[in-house]
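Read the structure below first, then the notes.
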Amino acid sequence: MTELEQELKQLIIDTLDLEDITIDDIDSQEALFVEGLGLDSIDALELGLALQKRYGVKVDADSEETKKHFASVHNLALLVNSHTNG
């Protein structure tokens with residue numbers, strides 16, 4: 001697990017007030033929405049705002065590309081990396 005993936009997991013936990021979940025409970029490859037972690041569209045909006053605030057990453061909520069990025073912590077890490085290093 002990369003340092004960025006750990007950061008993102010903590011960001012998800014903090015942003016969404018997931019009190020009973022730790023970083024170790026979240027698999028980087030696991031689905032974040034519906035299955036897996038079970039997040040919903042409201043969670044996606046909150047997470048999108050948190051990513052924008054923390055990393056300057058802007059996402060289009062209706063984009064298919066965004067849905068791919070939000071599929072897992074690993075994909076979010078790739079998005080943040082491409083944005084901060086691109």
Side-chain angles (χ1 to χ4, degrees):
M1 175 179 8
T2 68
E3 188 176 321
L4 179 56
E5 286 176 355
Q6 283 192 309
E7 263 182 50
L8 288 168
K9 288 177 185 185
Q10 192 61 55
L11 181 72
I12 291 167
I13 291 166
D14 294 345
T15 301
L16 304 178
D17 294 325
L18 303 177
E19 297 169 357
D20 298 334
I21 294 182
T22 67
I23 289 174
D24 294 331
D25 293 333
I26 303 172
D27 184 327
S28 293
Q29 302 294 336
E30 178 180 48
L32 292 176
F33 295 90
V34 187
E35 300 164 6
L37 204 51
L39 304 182
D40 61 23
S41 58
I42 303 296
D43 296 329
L45 288 172
E46 289 183 41
L47 191 52
L49 288 172
L51 287 169
Q52 186 173 347
K53 197 182 294 185
R54 179 132 180 209
Y55 300 105
V57 174
K58 293 184 180 171
V59 292
D60 177 2
D62 298 324
S63 161
E64 279 302 314
E65 197 68 19
T66 298
K67 289 177 185 169
K68 289 178 191 167
H69 292 310
F70 275 65
S72 68
V73 170
H74 178 75
N75 287 12
L76 280 177
L78 293 175
L79 171 67
V80 170
N81 259 337
S82 71
H83 189 79
T84 55
N85 296 331

> For the residue pair His69 and Asn75, what are the closest heavy atoms and their distance?
Replying inline: O-CB, 3.3 Å

>> side chain to side chain contact (heavy atoms under 4.5 Å, CB included), that's the test. Do Leu32 and Leu76 meet it? Break it down for me.
In response: CA-CA 10 Å; Leu32 292 176; Leu76 280 177; 3.8 Å; yes

> Residues two or more places apart in sequence or in another chain: which of them pass side-chain contact (heavy atoms from CB on, under 4.5 Å) with His74?
Replying inline: Glu5, Ser28, Gln29, Ser72, Leu78

> Checking side chain to side chain contact (heavy atoms under 4.5 Å, CB included) for the pair Glu30/Glu35: CA distance, chi angles, key distance, verdict?
Replying inline: CA-CA 8 Å; Glu30 178 180 48; Glu35 300 164 6; over 6 Å; no

> Okay, side chain of Lys9, backbone of Asp24: is any donor-acceptor separation there less than 3.5 Å?
Replying inline: no

> Could you give the distance from CZ (Phe70) to CG (Asp43), rounded to the nearest 0.5 Å?
Replying inline: 11.0 Å

>> Quick check for you: to the nearest 0.5 Å, what is the distance between Thr15 atom OG1 and Leu49 atom CG?
In response: 9.5 Å

> By side chain to side chain donor-acceptor pair (under 3.5 Å), which residues pair with Asp14, not counting sequence neighbours?
Replying inline: Gln10

>> Set out, in order, the CA-CA distance, both residues' side-chain angles and the distance that settles side chain to side chain contact (heavy atoms under 4.5 Å, CB included) for Val59 and Gln52, then state yes or no.
In response: CA-CA 8 Å; Val59 292; Gln52 186 173 347; over 6 Å; no

> What residues, two or more places apart in sequence or in another chain, satisfy side-chain contact (heavy atoms from CB on, under 4.5 Å) together with Ser63?
Replying inline: Asp60, Glu65, Thr66

> Would a 4.5 Å heavy-atom cut-off, applied to side chains only, mark Leu11 and Glu7 as touching?
Replying inline: no

>> Nearest 0.5 angstrom please: Leu51 CG to Lys58 NZ, how far?
In response: 13.5 Å

> Is Leu16 close to Ile21 at the side-chain level, that is, under 4.5 Å between some pair of heavy atoms?
Replying inline: no

> Residues in side-chain contact (heavy atoms from CB on, under 4.5 Å) with Leu45, at least two apart?
Replying inline: none

>> Please report the interatomic distance CG(Leu79) to NE2(His83), rounded to the nearest 0.5 Å.
In response: 8.0 Å

> Measuring from Asp25:CG to Ile13:CD1, what's the distance to the nearest 0.5 Å?
Replying inline: 7.5 Å

> Taking only residues two or more places apart in sequence, or in another chain, which ones meet Lys67 in a salt bridge (charged side-chain N to carboxylate O under 4.0 Å, His left out)?
Replying inline: Glu64

> Among all residues two or more places apart in sequence or in another chain, which pass the side chain to side chain donor-acceptor pair (under 3.5 Å) test with Asp27?
Replying inline: none

> In Å and rounded to the nearest 0.5 Å, what is the CG to CG distance from Asp17 to Asp20?
Replying inline: 11.5 Å

